[in-house]
Protein chains: 2
Amino acid sequence: MTTDFTGGGDPRRSIELLWGLEPGRRPGPKPRFTVAEIAAAAIALADADGLPALSMRKVADRVGVSAMSLYTYVPGKGELIDLMLDTVLGEVPLTFDGVTGWRGRVERVARENWNLYLRHPWLLQVATSRPPLGPHLIAKYDHELRAIDGIGLTDLEMDLVVQLVGDYVHGAARTAVSATLVAQRTGLTDEQWWEQAGPVLERVLDPAATPTATRVGAAAGEEYNAAGDPARAFEFGLSCLLDGVAARISRGRDPGGRSD
Amino acid sequence: MTTDFTGGGDPRRSIELLWGLEPGRRPGPKPRFTVAEIAAAAIALADADGLPALSMRKVADRVGVSAMSLYTYVPGKGELIDLMLDTVLGEVPLTFDGVTGWRGRVERVARENWNLYLRHPWLLQVATSRPPLGPHLIAKYDHELRAIDGIGLTDLEMDLVVQLVGDYVHGAARTAVSATLVAQRTGLTDEQWWEQAGPVLERVLDPAATPTATRVGAAAGEEYNAAGDPARAFEFGLSCLLDGVAARISRGRDPGGRSD
DNA sequence: ACGAACACCTTACGGCGTACGGAGTGTGGT
DNA sequence: ACCACACTCCGTACGCCGTAAGGTGTTCGT
C-alpha cells in the first residue's frame, strides 16, 4: 500500500553505519550482536514476509532481544532498511566472467539486478530519499560503469546508460515480482480472482470503446497463457534498450539526447 | 520506508468501486458524499503529504466524517488507493494532437506518464498486487497501444513496447521525484546533507578502489552541478529506448528478443 | 573508587487500520 | 401504517506500529 522514506536521520551516523565504522573501545557491556547480524535477521524477515510485514519488534524477536535494544545498533528503522539494501547489493558478483563485449556485460548487469529483485522482492518497496552511499552500492556503480568503459561513450553518457538500465530493470521487475507473489499477497490465485471479478468485469468492459486494447490484450493473453510473461517482457525491453545504446555508440551522438 | 500492497480485498467489490457501479435505491440515509469525493480528498492529501502520511483518519477529517464512516464508501485503505490511482490516470489526455509519427506519439505517452508522476509523486509508492482494472487504466492502455498501432509491430510486440515504456518511465521518475522532494522528506537540502556526511564519506571512499565511478562521478557532478539531472536522464533514456524500438520495427524482428 | 558512557529493557505514548455493535434512517413489502 | 431489513454513521476498542524516556546493570578511563 504505502511507502515511507529512508534517509531522514543523521547523515553522519548513517554513513558510519553503512560502512561499518567501529568507534573503538567504549564503556559498557559488549554488544551481543553485530550490526551485520541485525541486518541479516531483518533481510531474512523481509525475504520471507515482505517489507510491510517487517517491524522492529519482529527483528528483535528474531535476534532474541527487546525491540528497544535494536536502537543501540541502528538509530531507526529507515537506517536499518538502508543497511539491508546495501547488504544485499553485496551479493552481486562484480565480475564479467564468461561474457564478451559491452553488450554482454550490460546484459549481465541487467540480469544480475533482475535476479536480485527476484531474490529480494522487498527491494522494490524500498523508497530512499537519497541513495544510501554504502560500500556495496558504490562498488556496484563502479562495476556497472566498467561494463561500458572505453566503448565510445562519454563519461556523462556512461552515467546516463547505467541509470537507464537500472531504472528499466527496477520498473520491469515490479511486474515479475508481483506475478510471483500475488497469490501469497492477496490470498487469491489469478484463476480465483477472475472467477470473482470476471463476471462484473465483463459487464463493464466495452470492447468497442477500447478496440486496440481488446485486440492486443487477447493476443497477449493467448500467447502468454497468463496475465503476462514478465521475464519475456524484460528480455524484450532489454534488447530494445541495448539496440538503442548501440545506435548511440555508433553515432557518437551528443549526450543531451534532445536533438531528435 | 515500506510499502503495503493493494488488491487484497473482494475482487468484485473492487471492480464495482473502480467503475462506479451504482447499486440503485437502497434503504438507509443517503450517503453525504460520493466515492469520487472521498478519492479526491485522499488524492489531495497524498499530493500534499505523500502516501505514507495518508491515513483513513486524515481522509475522514478532511471530508468531515468519522474515520469509520469511510468504510461505508470503500471497503478498505487498499481499495481507496486503487481508486485514487485510477482516478488520476483519468487526467491523462487520450489524444495525440500536434504529434506526428509513432515516435512522437510514444514520446507523448512517456512524457505524459512522467508528468503524471511529477504531479502525483505518491503514485510511485503505490504497490499493486494486480493492476487495478479501472476505466481509466483500461482507456490509457488502449490509448498507449494506439500510439504504435499499424507500424509493423505484432500485437504481442505492441504489448511489450507499452510495457517497456511504462516500466522505464516508472523507474526513471523515481529519481526525479526524489530529487524534487528530498529536502521536504528529510529536512535537509543536498548541501546540508553533504556538510554533515561529506567528511566521513571522504574518509571511507577510496578513489583507487573504484576508479571508474570516481572519474565518471566527477564528470557527472560537474556537468549536472547537482546530484543528478533526472529530466535529462529521462530524455536520454527515452531516446535510446525509442532508437531500439525503431531498430526492431525496421528489422521486423521475432518478438522473443532472445536472438541477440 | 568513581563518573561517564554505554547495552539493555520496561513502560508508555501517539499513531495506524479496522472489527464490532449501537443508534438513526429510509426502502420495500405487507 | 407498520415492520423488517439493509443501509449510513460513528464511538469504542483492539492489536499492531515506531520510538521517547528513564531506570538498571556493565565497563572504560582517570
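Computed over heavy atoms, backbone and side chain alike; hydrogens, waters and symmetry mates excluded. Everything quoted here is computed from the prediction, not taken from an experiment. So that the names make sense, note that chain A is the first sequence line, chain B the second, and so on, each numbered from 1.
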Colleague: Between C1' on C:dG17 and CD on B:Glu79, what's the gap in Å once rounded to a whole number?
Modeller: 12 Å

Colleague: So, does B:Arg32 get its side chain near the phosphate of D:dC10, meaning an N or O under 4.0 Å from OP1 or OP2?
Modeller: yes

Colleague: Given that A:Arg57 and A:Pro31 both sit by DNA chain C, which one's nearest nucleotide is further toward the 5' end?
Modeller: A:Pro31

Colleague: Whole-Å distance between C:dC8 P and A:Ile38 CD1?
Modeller: 9 Å

Colleague: Tell me the interatomic distance from A:Asp61, atom CG, to D:dC17, atom P, rounded to whole angstroms.
Modeller: 9 Å

Colleague: Decide salt bridge (Lys or Arg N to Asp or Glu O under 4.0 Å) for A:Asp190 and B:Arg130; before the verdict, give the C-alpha distance in whole Å, the side-chain angles of both, and the deciding distance to 0.1 Å.
Modeller: CA-CA 9 Å; A:Asp190 281 347; B:Arg130 288 191 174 89; 3.0 Å; yes

Colleague: Looking only at heavy atoms, what is the nearest atom pair of B:Ala39 and B:Thr87, with distance?
Modeller: CB-OG1, 4.2 Å

Colleague: To the side chain of A:Met68, which of C:dA12, C:dT10, D:dC9 is closest?
Modeller: C:dT10

Colleague: Tell me: OH of A:Tyr73 to P of C:dC6, nearest whole Å?
Modeller: 14 Å

Colleague: Given B:Phe33 and B:Val65, is the side chain to side chain contact (heavy atoms under 4.5 Å, CB included) satisfied, shown in steps?
Modeller: CA-CA 10 Å; B:Phe33 305 99; B:Val65 297; 3.4 Å; yes

Colleague: Does a side-chain N or O of A:Ser69 approach OP1 or OP2 of C:dC9 to a distance below 4.0 Å, or not?
Modeller: yes

Colleague: Report all interatomic pairs (protein N or O, nucleotide N or O of nucleotides 27-30 of chain D) with separations under 3.5 Å.
Modeller:
from   : atom 1 : to      : atom 2 : distance (Å)
D:dT27 : O4'    : A:Gly28 : N      : 3.4
D:dT27 : O4'    : A:Gly28 : O      : 3.3
D:dT27 : O2     : A:Gly28 : N      : 3.3
D:dC28 : OP1    : A:Lys30 : NZ     : 3.0

Colleague: Find the distance B:Met56:CE to C:dA19:C1' and express it as a whole number of Å.
Modeller: 13 Å

Colleague: Measure the distance from NZ on B:Lys58 to P on C:dG15 and round it to the nearest whole Å.
Modeller: 9 Å

Colleague: How long is the line joining CZ of A:Phe33 and C1' of C:dC9, in whole Å?
Modeller: 14 Å

Colleague: Verify the neighbour count for atom CZ of B:Arg13: are there more than 12 heavy atoms of other residues, nucleotides or ligands below 6.0 Å?
Modeller: yes

Colleague: Considering only D:dG18, D:dC9, C:dC16, which nucleotide approaches the side chain of A:Ser55 most closely?
Modeller: D:dG18

Colleague: May I have the step-by-step check of side chain to side chain contact (heavy atoms under 4.5 Å, CB included) for A:Arg185 and A:Ser178, ending in yes or no?
Modeller: CA-CA 9 Å; A:Arg185 284 175 184 167; A:Ser178 286; 4.0 Å; yes

Colleague: Counting just side-chain N and O atoms, does A:Ser66 come under 4.0 Å of either OP1 or OP2 of C:dC9?
Modeller: yes

Colleague: Specify the separation, in whole Å, of atom CG of B:Leu51 and atom C1' of C:dG17.
Modeller: 14 Å

Colleague: Under the side chain to side chain donor-acceptor pair (under 3.5 Å) rule, what do A:Tyr168 and A:Asn113 come out as? Steps first, then yes or no, please.
Modeller: CA-CA 10 Å; A:Tyr168 173 63; A:Asn113 282 340; over 6 Å; no

Colleague: Determine the minimum heavy-atom distance between B:Leu89 and B:Leu116, stating which atoms define it.
Modeller: CD2-CD2, 3.6 Å

